[in-house]
A.B. asks: 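Would you mind keeping the following structure in view while I ask a few things?
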Amino acid sequence: LETGSGEAGWPADAAWLIRHPIWRSGCKFHGMLTIILFATGLVCFALFFKSIDYFEKI
Amino acid sequence: MNTEMIGVVFTFLLTVVLAYPFGRYIAKVFKGERTFLDFLSPVERVIYRICGIDPTHKMNWKEFLKAMLTINLLWFVYAFFLLIFQGKLPLNPDGNPGMTPDLSFNTAISFVVNCNMQAYSGETGATYLTQMFVLMFLQFVSAATGIACLVALFNGLKEKTTKNLGNFWDIFTKSITRVLLPVSLVIAILLAFHGTPTSYAGHDTVIGMQGDTVQVSRGPAAGMIAIKHLGTNGGGYFGANSAHPFENPDYFTNILEMVAQTLIPVAMIFALGFYINRRKFANVTFAVMTIGMLSLLIPTMWSEIHGNPAIARMGIAQPTGAMEGKEVRFGPASSGYWSIVTTIISTGSVNSMHDSSMPLSNLMQLLGMMVNAFYGGCGVGILNYYIYIIIAVFIAGLMVGRTPEFMGHKVEAREVKIAALITLLSAFLIKGFTALASYYLVHHPNIDWAVKPTAWLGNPGYHGFTEMLYQYTSENANNGSNLAGMTINAVFWNVTGGIVMILGRYLPIIGPLAIAGLLAEKKYIPESAGTLKVDSLTFGVMTFVVIIIITALSYFPPLALGPIAEYFSMK
């Protein structure tokens, strides 16, 4: 994985992210993208469970 | 044109006439009173026994929400992987491939959350297995989730002081067996008799009048189209949704589908009155929502019937109104009515292409989704309206200098904070992600992605901005319609859209139920001469004004950059 494109005005990490090959993977099965998106869904649900306690104590 | 107008008025009146007794029936079901479908009780008992459910177990609001989230998480996992591997699974006579991970992520969330945004076309993007056992299955259970959460709110309002909001599993199961399944069955049979396919055969080969060979997709469509509307889901079997002649064959099915999608949202308002024995409060709620609906519908129908001014300037007469993107079978008035109904109640199905609607119509459609509480989606519409009520109660309390109360319970800082957070969340998601998409489009138009940002939009200028704004507004409202000129099957749109849909679904359910639960646990204060009467016309007007102010403050800037600018540019 290449990091830090050196694009002016962008932090290196952000530039690395938007140029990452994962965004070009729309046409075929991509294991890494599957894991990331599945984890994203799980994190969202974890946030919802957590929000129940947050709303009780807000 | 007069015939079209009569058709629209008839459709709305028929909806209300059917919704009133249906609302009474729904209230009876969830109160546990006798109904004509009690013979289904043994079926429900078998379900409880298999799943190890104790339907008499009382749940407080936290238990209720955790049960709801747990089963929804399970459906997300189930849908995500089945859609990815559908190409290798049975019931795939046309050999359709599995979905890409990003498309599967978007589609799984979309159907779990009752949004039904479709970045795929049903003919080639899904198999019979996933159409029936993933997508149609989720259309039932996501609608039942919304109904169950609303009934929990009813339970919170009904009792003077209680910790019991009902049993999620019991309410959820009965929502399917007593409400969604029986009515869907009737609608599906009517659709099948009017020409909607109900077949497991693969696509048919047809030779057209010009001698072209055309592959025509079929499949078990009627059942899915029935629940697609009844459950305010909106996800069509075919890519063109209810503009497809198989999905909506004639004017009868057009009326049937319009009534079906409005039936439960309107019936739930009446059910509220019957359930908590406050019929006047339900009537005021219905009046506020209907006035809201009419204030969006009338400008839409006016602009569609009067045609496109750009075409009129070319000297071309438009006796049938603005017909671009519309079916001749239905015409502009009926299509305008459908477009407003489908956006205010979060169905998101279409019988015309909203991308071709006039700018004023696009503005009204966007407002319908931004408010998301004029009838609203299956169950969740009244939950959204409840948030506006809490804010209205708070403001009314400030105006008269009393501690705000709602139905005998003091509304304090905690409840108002939750209501404010939920209200701000929608504006943050819609405007934040539209800004992000606009940034990439302007500053990185040719970035090396599978679908470059330059290829996203179907139109330049104001309308292009409206396409992006509409997309995130629809996803946040769990509506599912879109301006079809856009290319949304791209990693960026699939991923960001999925995140907007999931956040836009569960937090606006958790917030109102938390408020309902917290209020219900408080000590009941008997009504006195100084109590704010929430079933009065004055409070109805107050709530309506609050809705207008919040929506205008939150969304006027992006609306001015999109449909409003486009409207004035066409003058």
Side-chain angles (χ1 to χ4, degrees), chain A, chain B residues 61-66 68-70 72-74 76-77 79-81 84-85 87 97-106 108-109 112 413-415 417-418 421-422 440 443-444 447-451 489-492 494-495 498-499 501-503 505-507 509-511 513-515 517-518:
Chain A
L1 300 178
E2 294 177 13
T3 57
S5 71
E7 185 175 344
W10 268 81
D13 286 349
W16 165 78
L17 180 64
I18 64 169
R19 297 198 181 286
H20 194 281
I22 212 164
W23 299 102
R24 294 198 292 268
S25 68
C27 299
K28 61 181 189 295
F29 180 81
H30 193 300
M32 188 176 166
L33 187 59
T34 305
I35 294 165
I36 290 172
L37 293 178
F38 182 59
T40 304
L42 298 184
V43 168
C44 286
F45 273 98
L47 171 77
F48 303 142
F49 279 105
K50 201 74 189 159
S51 71
I52 295 173
D53 297 325
Y54 175 72
F55 283 148
E56 190 184 26
K57 293 169 187 156
I58 192 172
Chain B
W61 67 273
K62 290 175 70 178
E63 284 177 280
F64 194 96
L65 283 172
K66 282 175 184 171
M68 182 273 288
L69 287 172
T70 305
N72 275 257
L73 171 60
L74 189 70
F76 164 70
V77 176
F80 182 68
F81 287 106
I84 285 179
F85 295 112
M99 287 190 181
T100 56
D102 53 300
L103 180 58
S104 174
F105 175 74
N106 186 281
I109 290 177
V112 169
R414 185 165 50 179
E415 291 79 43
K417 278 183 195 170
I418 297 171
L421 277 175
I422 298 302
Y440 280 119
H443 293 283
H444 300 278
I447 195 166
D448 187 20
W449 289 355
V451 182
N489 187 11
V491 180
F492 177 86
N494 282 336
V495 174
I499 291 168
M501 283 188 279
I502 201 167
L503 294 175
R505 166 71 163 183
Y506 294 105
L507 292 174
I509 286 179
I510 295 168
L513 273 194
I515 296 173
L518 292 166

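The sequence lines fix the lettering, A, B, ..., with proteins before strands; numbering per chain opens at 1. For the numbers below, each heavy atom of this structure counts, side chains included, while hydrogens, waters and symmetry mates do not.
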A.B. asks: Quick one: does B:R414's side chain have a donor or acceptor within less than 3.5 Å of a partner on A:K57's backbone?
C.D. replies: no
A.B. asks: Would you compute the distance between atom SG of A:C44 and atom CG of B:L69 and round it to the nearest 0.5 angstrom?
C.D. replies: 11.5 Å
A.B. asks: Any idea which of A:T40, A:I35, A:L42 has the most non-hydrogen atom pairs under 4.5 angstrom with chain B?
C.D. replies: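 Greatest number of close heavy-atom pairs with chain B: A:T40.
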A.B. asks: Which atoms of B:N494 come close to chain A, meaning under 4.5 Å heavy atom to heavy atom: side chain ones, backbone ones, both, or neither?
C.D. replies: neither
A.B. asks: If the plane angle is over 60° it's perpendicular, under 30° parallel, otherwise tilted; pick one for A:F38 and B:F80.
C.D. replies: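 Geometry flag for B:F80 against A:F38: parallel rings.
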A.B. asks: Starting at OG of A:S51, measure out to OH of B:Y506 and round the result to the nearest 0.5 Å.
C.D. replies: 12.0 Å
A.B. asks: Please flag which part of B:I499 lies under 4.5 Å from any non-hydrogen atom of chain A: side chain, backbone, both or neither.
C.D. replies: side chain
A.B. asks: Going by side-chain contact (heavy atoms from CB on, under 4.5 Å), A:F55 matches just one of B:L65, B:I422, B:L518. Which one?
C.D. replies: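 Checked B:L65, B:I422, B:L518 against A:F55; only one passes side-chain contact (heavy atoms from CB on, under 4.5 Å): B:I422.
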A.B. asks: Non-hydrogen atoms of chain B under 4.5 Å away: do they reach the side chain of A:L47, the backbone, both or neither?
C.D. replies: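 Looking at A:L47, just its side chain touches chain B.
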A.B. asks: Out of curiosity, A:I52 CD1 to B:E63 CD, how far, rounded to the nearest 0.5 Å?
C.D. replies: 11.0 Å
A.B. asks: Heavy-atom distance under 4.5 Å to chain B: side chain of A:F49, backbone, both or neither?
C.D. replies: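 Contact with chain B is through both the backbone and side chain of A:F49.
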A.B. asks: CZ of A:F48 to CD1 of B:I509: how many Å apart, nearest 0.5 Å?
C.D. replies: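 Output value for this atom pair is 9.5 Å.
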A.B. asks: Checking B:T70 against chain A: side chain, backbone, both or neither under 4.5 Å from a heavy atom?
C.D. replies: both
A.B. asks: Closest heavy-atom contact between A:L37 and B:F105?
C.D. replies: O-CE1, 3.3 Å
